[in-house]
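As structure tokens, the structure follows; a few thoughts come after it.
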Amino acid sequence: MSVSKNHRIFVALILTFTLSIPINLVAQPQKTYSEYEVKIAFILNFLKFIEWPHDSTEKERKTFNFYVIGYGPLCEALEALDGKNVKGKTIIVKKIKKIIEISEPDVVFVGQSEQNHIRDIVNVLKNRSVLTIGDTEGYAKNGIMINLYMEMRKVRFEINVDAATKAKLRISSRLLSLSRIIDHTP
Amino acid sequence: MILNTIFKHPNNSTYSVSLSLPLIFALFLCLAFQCFVSPLNAMDKSQNDLTEISIEELMKIEVETVYAASKRIQTVLDAPSAITVINASDIREYGYRTLADILKNVRGFYITYDRNYNYIGVRGFNRPGDYNSRILLLVNGNRMNDNIYNSASIGTEFVLDVDIIDKIEVIRGPGSSLFGTNAFFGIINVVTKNGKDFRGIQVSGETASFDTYKGRITYGNHFQNGFEMLLSSTTYSSKGQSLYFKEFDNPAQNNGYADSCDYDKYKSFFSKFSFNGLSLEGAYSTRNKGIPTGAWGIVFNDSTNATTDESGYLHLKFVKTFFNSLDTEARVFYGRYKYYGNYIYPPLNDDSALGEWLGGEIKFSKTLFNKHKLTFGAEYQDNFKQQQENKNINPYSLNLNDNRSSMSWGVYLQDEFTIQNNLILNVGSRYDYYQTFGDTFNPRIGLIYNPIDNAVIKLLYGEAYRAPSAYEMYYHDSGATQLANRNLKPENIKTYEIVYEQYFGNTMRLSASGFYYRIDDLISLQNDNSTGLLIFQNIDKVESKGIELELSRKWKNGFKGSISCTFQETKNLETKRPLTNSPKNLGKLNVLVPLLSNDITAGIELQYTGNRLTLLNKTVGGFILGNLTIASKNVIKGLEISASIYNMFDKTYSDPAGPEHVSQGMDRIIQDGRSFRLKMIYTF
């Protein structure tokens, strides 16, 4: 009967697939992650591939100060970086409301809510060696050094090289080669 | 024990089927067990911790999110539903031609085609004469179901060319608590590509069996100032094949052959412009399809029997965050659907409908105390034109000329409450008011729990409704065959579902769900007690229960595959009989094999549909279909070529037919045998 024949094929299909399971179980990071998990992992990588002028001079400082200004979906999630290690220092994530609240900053993450204050923030930090990061369209063009964006469901980033150079930050060529370069001075 | 109840077969005729079910289960359980105990699959934290992997690997990670489950972007794991997402790459690699093709490969879905329209079956439901009104179809969040039949078009009459789809979210279960009517069995949200996905001009040409040709030209760009645009136009024409129907096998009716009657032509246009949170979208399509089946008693083998379906919409949306944390989305939409049927009886009968609607929605999302993600909003729709007409030409008689308008509005609130790190409570409800029947209130509650890393359990309860359509309430043909029923109430569904998802070592994913659905006041076409004419009535009570299992894997070399099985049983609680067109078993297997490199792939699909009852209470046999697509990209820069074989085993099979065919003695519709397609895409 064709019904039971079909069923045998159906069972055979499942068997085939089941038997193929134990082979080649080498893990590849293909689980689905949330956008924010991936973006945070990117940010942690950035910190490894960027050299601050005070990396050598302030060796005794044990904390790495990561400030978050404004609101946005990623701002909440950045708490996950708190306590992680980078360059032998412990990351301290602090949320601030005004840019003048910062002291000894290494990184300032600018939330989506700050779109109208972006120039002010960039101006305040202009002469200091502070890495600025955002995840909002147009931020890199307006002077934020690294800006994350989405393309075809994958996280991408753009680097404003001018802004980073002026802040005396050295970005590794590995990072630059993976990024979209924005050569726009505000 | 639960399984035994679900798969208890009431008679011996299905014994051979039930015998193999435990075997399949056993295999799945073995498999799951094997994965748990295998040391290779131990939850290796370093593999799952993204911060440990290189930036080059990070660049490869795809983020899987879903919008339509909660009216905002969230991860598939957090969403209060069992979800499948189909991406543009799947459409390319498996050679999908229509939305119906895509859904055929989705776990638990089966599609019925009557050589004019495609009908979605899910969770064992595919009601005869229902133009997909129990599924909400969205394009970029905008409702596509029209305001006459509430139909969701998924065949060649769908408003978009599948080539400009970026992804499709299939959300199982009721969604009325956010979306209102039609979100009864599920939601299909189609997300289009954007200008930046093209960055220039792309042309596509394809040719296929039965003298089928399709051409598309698309322009898309994303400019420095942030302005983004996409324009796309498609034209399609298929001569179709000569089809044999044994019901018409006599010399007067061309010995049962319908020649030149299966033609299918469409044109579609899509445009989208966006700038700074503001986007405007417009789409239009018109399709002309011949009717080869002699449905409704029309003259067989007359190629002028045809339907034309025209749909179009405009959708203006504005998204902005106010007061630093209040995400706001405001949108306005206009929709239009026109149907025109040319039926030769003789005399010539013209059946037509025109629906137009205008509406708006405002939605806010806000996070409170870091623990509550609130979504609330209001929606209004003015159906300012709901027109149905039926007339005979020569001699002229007007059988129906029904002009209506109606309005409805709804308000909704949803809270996603993070009770603790691994436990989310998702509660929502929506109140709707309809000018036609009054009001309805539909809640949904979901508990989403991560007992261990990489596993999630979802306990879901939901209620949904479907408002009676203008067609069901007002269509009649002056006493010839069908009566109107203005007293129809909405039909209601209550659903219970448990979903379990588990990842193994990042490469393998197991999804399992068990569900129980119960529908009251189901609107069905009945024979009126006093006149014997057809009439829609809130009469049936039905239930469906079942289990869906899916396992998918990706290998390091680009090889990937998934397999799913569905075991389900439906029952009309009045007659104690199973529903028609309701297969107890469904199975899908798809495998993508890289050939030479990841740029050349072979996509293989096998789809099994079990036995189904027809309206004449006979059985349409189960079948396995196989499709194969070889796709290549960038072998020559900018050029994509693919070749497909559909139904590669040339399996002869049929789908159960609707009442308009059964009245002609035809309870099943023959489907296509083996066919081919060759396709090229060039991006400048």
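Chain A is the first sequence line, chain B the second, and so forth, proteins listed ahead of strands; every chain is numbered from 1.
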Intermediate values then yes/no, side chain to side chain contact (heavy atoms under 4.5 Å, CB included), A/Tyr149 and B/Lys196: CA-CA 12 Å; A/Tyr149 63 97; B/Lys196 66 169 181 245; over 6 Å; no
Working for side chain to side chain contact (heavy atoms under 4.5 Å, CB included), residues B/Glu56 and A/Ser177: CA-CA 11 Å; B/Glu56 285 81 4; A/Ser177 69; over 6 Å; no
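Within 6.0 Å of NZ on A/Lys168 lie no more than 12 heavy atoms contributed by other residues, nucleotides or ligands. More than 12 heavy atoms of other shown residues, nucleotides or ligands fall within 6.0 angstrom of atom CZ in B/Arg199.
Residues of residues 38-48 of chain A that come within less than 4.5 angstrom of chain B, heavy atom to heavy atom, are A/Val38, A/Ala41, A/Phe42, A/Leu44, A/Asn45, A/Phe46, A/Lys48 in numerical order.
Atom CD of residue A/Glu37 and atom CG of residue B/Leu58 lie 11.5 Å apart, to the nearest 0.5 angstrom.
Residues that satisfy the ring-ring contact (aromatic ring centres under 6.0 Å, His included) test with B/Phe198, not counting sequence neighbours, are absent from this structure.
Proximity to chain B is limited to the side chain of A/Leu175, based on heavy atoms less than 4.5 angstrom apart.
The two atoms that bring B/Met59 and A/Val155 nearest to each other are SD-O, 4.3 Å, heavy atoms only.
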